[in-house]
Amino acid sequence: AAWIADMNAAIGSLPAVTAFTTPPGVPVWVLAQYLAGDDPSRVIAAYRDLIARNDIYHPAVPPPGPFEVLA
């Protein structure tokens, strides 16, 4: 019972993921800058997360459709 309570607490503390739709042809770098703001360390982290979370093969030419991003 304690293990289940610990797992529920851990799952409940995970960051939320939301879908973000961009105009066609927007590079992932531009989307990361838009989402992260002016802090370069946050932009790079957002860029890497976008690529990994959405299985983007070529960041300069992302596939169409909504992207999952951390809220």
Side-chain angles (χ1 to χ4, degrees):
W3 181 80
I4 292 172
D6 288 344
M7 293 308 294
N8 284 336
I11 290 170
S13 65
L14 293 174
V17 175
T18 186
F20 190 83
T21 304
T22 63
V26 174
V28 177
W29 187 254
V30 173
L31 177 58
Q33 287 180 327
Y34 176 77
L35 294 171
D38 293 336
D39 185 4
S41 64
R42 289 183 57 210
V43 173
I44 293 169
Y47 177 76
R48 290 181 178 158
D49 182 63
L50 280 164
I51 292 171
R53 183 176 305 278
N54 295 290
D55 295 325
I56 296 173
Y57 177 71
H58 196 294
V61 187
F67 297 104
E68 289 185 351
V69 297
L70 292 177

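Atoms considered below: every heavy atom in the structure, side chains included; atoms not considered: hydrogens, waters and symmetry mates.
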Review point. Quick one: OH on Y57 to CD1 on I51, what's the gap to the nearest 0.5 Å?
Key: 13.0 Å
Point to revise | Within 6.0 Å of CG in D6, more than 12 heavy atoms from elsewhere | key: yes
Exercise for review: Might you point out which heavy atoms bring E68 and R53 nearest each other, and give the distance in Å?
Suggested key: O-CD, 3.3 Å
Check your understanding: Taking everything shown except R48 itself, do over 12 heavy atoms lie less than 6.0 Å from its CZ?
Key -> no
Study note, to complete from the structure: Closest non-hydrogen contact found for V43 with G37 is CG2-O, 3.4 Å
Revision key, fill the gap. Nearest heavy-atom contact between P62 and P27 is CD-CA, 4.2 Å
**Study point:** Side chain proximity check, Y34 to T22, heavy atoms < 4.5 angstrom
**Key:** no
Review point. Are L50 and V26 connected in the hydrophobic side-chain network, where two residues link if heavy atoms are under 4.5 Å apart?
Key: no
Exercise for review: Check whether any side-chain heavy atom of V17 lies under 4.5 Å from a side-chain heavy atom of L70, and answer yes or no.
Suggested key: yes
Review point. In terms of the angle between their ring planes, are W29 and Y47 parallel, tilted or perpendicular, with boundaries placed at 30° and 60°?
Key: perpendicular
Review point. What distance do Q33 atom CD and I44 atom CD1 have between them, rounded to the nearest 0.5 Å?
Key: 10.0 Å
Check your understanding: What pair of heavy atoms forms the shortest contact from F20 to L35, and how long is it?
Key -> CE1-CD2, 4.1 Å
